[in-house]
Amino acid sequence: MVTLDKVFTSQASPNIALIKYWGKRDEKLILPCNSSLSITLSSDTVNTITSIIFSKRLKEDSIFIDGKRQEIHDKETRERLQILEQMREDSGTDARFLAVSKNNFPAASGMASSASGIAALVYSANAALGLGLGARELSIMARQGSGSACRSIFGGLVLWRKGRLADGSDSYAEQLFDEKYWPEITDIIVIVSKGRKKMPSRAGMRQTVETNPLYSVRASSAEARISKASDAYKKRDFNMLAEQIMADSNEFHALAMSTRPPIRYLSGTSFAIMDMIEELNREAGENIAAYTFDAGPNAHIITQQGYQDEILHALGRTCTKDKTEIRIAGVGTCPRMLAGASLIDERKMVPK
Ligand code: PMV
């Protein structure tokens, strides 16, 4: 049952793709050309909190992200918010909503704020609208807001199956191993730039699919890597896992760069970090760390807790000239409802 005039708040974490999604077979439903594999990051380090209220007293729908009111009629925001329209319709109410979202990390900088943002939004809306959707249905819903968001509905190591059906009902994420399976796994996030992405992933993917002849090999190479990487995770074989992670990041960026016109997400600092990790691995005689980069220059260095200090030390030498910020995340859980953390003034129906 729908609960009007009451704020519902949830928290979700971003995820980092170890084997990346890039390219859609259906733009509207957000159906990917290849499956992808990610780990959800721990919410104590990176999270999005989203509050939502539905009320007949509200004159219009509105959404605030990090204190800024979003242009609801802007094409991308409208597309993303279609899921809320659908959820509202399914619940049978026509009440307007106010949603307020806060990230504790820079949004739109290749840090996947859309993943945690959309995951928290569908989580809170599901509760407010009393839809009672289960994790799989929430994942399908989140996918239609932003592809990678479907993976943030689960904790641990998560697989997003690309699916085959035209209606997208078999394209959802599922947990392969929970957050406790390999607790030593650590992501050292090096925020090289807090700026917005040069090329948003939606447009970048479309450009790649349309212009890049190399794209035809991507689907099969990603599927093969997913099976090797999940097998390595199962065996807790870091050396093998790291090999797959770095190969996939490199393939993704080679693909972006060979798109017309070329898409370059990496900066000089990103390449310096790659050199540094390769050097550390060479010295160790095996992979002790792996780099991976999404659609931006920020590095995610995946390692095991025991190597954290050594890597931080090496980073200190590599990034001295840059104003980099470092966050360290472990493997995180699925989203959760938060009591008493509302971002909305319930009485006045405005952001706090
Ligand atoms: O779901 P989107 O539109 O944020 O695209 C995600 C694309 C990558 O981050 C580069 C890869 C991935 O699988 O997360």
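Every number for a ligand or one of its atoms is a count from 1 in the order of the listing.
- At least one N or O atom of Tyr21, backbone or side chain, sits closer than 3.5 Å to an N or O atom of ligand 1.
- Near Gly147, meaning under 4.0 Å from any of its heavy atoms, are these atoms of ligand 1: 1 (O).
- More than 12 non-hydrogen atoms from other residues, nucleotides or ligands lie less than 6.0 angstrom from CZ of Arg25.
- Within the 4.0 Å heavy-atom shell around ligand 1 one does not find Trp160.
- A distance-only check finds no donor-acceptor pair linking the side chain of Tyr172 to the backbone of Ala135 [under 3.5 Å].
- Considering backbone and side-chain atoms together, Ser148 places an N or O closer than 3.5 Å to an N or O of ligand 1.
- Counting atoms of ligand 1 from 1 in the listed order, those under 4.0 Å from a heavy atom of Ala17 are 12 (C), 13 (O), 14 (O).
- Residue Ser114 approaches ligand 1 through these ligand atoms, each under 4.0 Å from one of its heavy atoms: 4 (O).
- With a 4.0 Å cut-off on non-hydrogen atoms, Arg202 does not touch ligand 1 at all.
- Of the listed options Ser249, Ala149, Ser201, Ser201 places a heavy atom closest to atom 2 (P) of ligand 1.
- Cluster membership for Phe238 and Met240, using ILVMFWY side-chain heavy atoms within less than 4.5 angstrom, is not shared.
- Counting heavy atoms from C-beta on, the side chains of Leu315 and Val190 come closer than 4.5 Å.
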Can you list the steps and then say if Leu138 with Tyr123 is a side chain to side chain contact (heavy atoms under 4.5 Å, CB included)? CA-CA 7 Å; Leu138 285 173; Tyr123 226 76; 3.9 Å; yes
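- Counting heavy-atom neighbours within 6.0 Å of Lys352 NZ, excluding the residue itself, gives a total above 12.
- The shortest N/O to N/O separation between Arg151 and ligand 1 falls below 3.5 Å.
- If you look at His253 next to ligand 1, there are no close heavy atoms at all, none under 4.0 Å.
- The ligand atoms of ligand 1 that sit less than 4.0 angstrom from a heavy atom of Met205 are 5 (O), 7 (C).
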Take Asn281 and Glu286, measure what side chain to side chain contact (heavy atoms under 4.5 Å, CB included) needs, and give me the verdict at the end. CA-CA 5 Å; Asn281 289 341; Glu286 61 174 344; over 6 Å; no
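- Note on ring orientation: taking the six-membered ring where Trp is involved, the planes of Tyr233 and Tyr181 are parallel (angle under 30°, cut-offs 30° and 60°).
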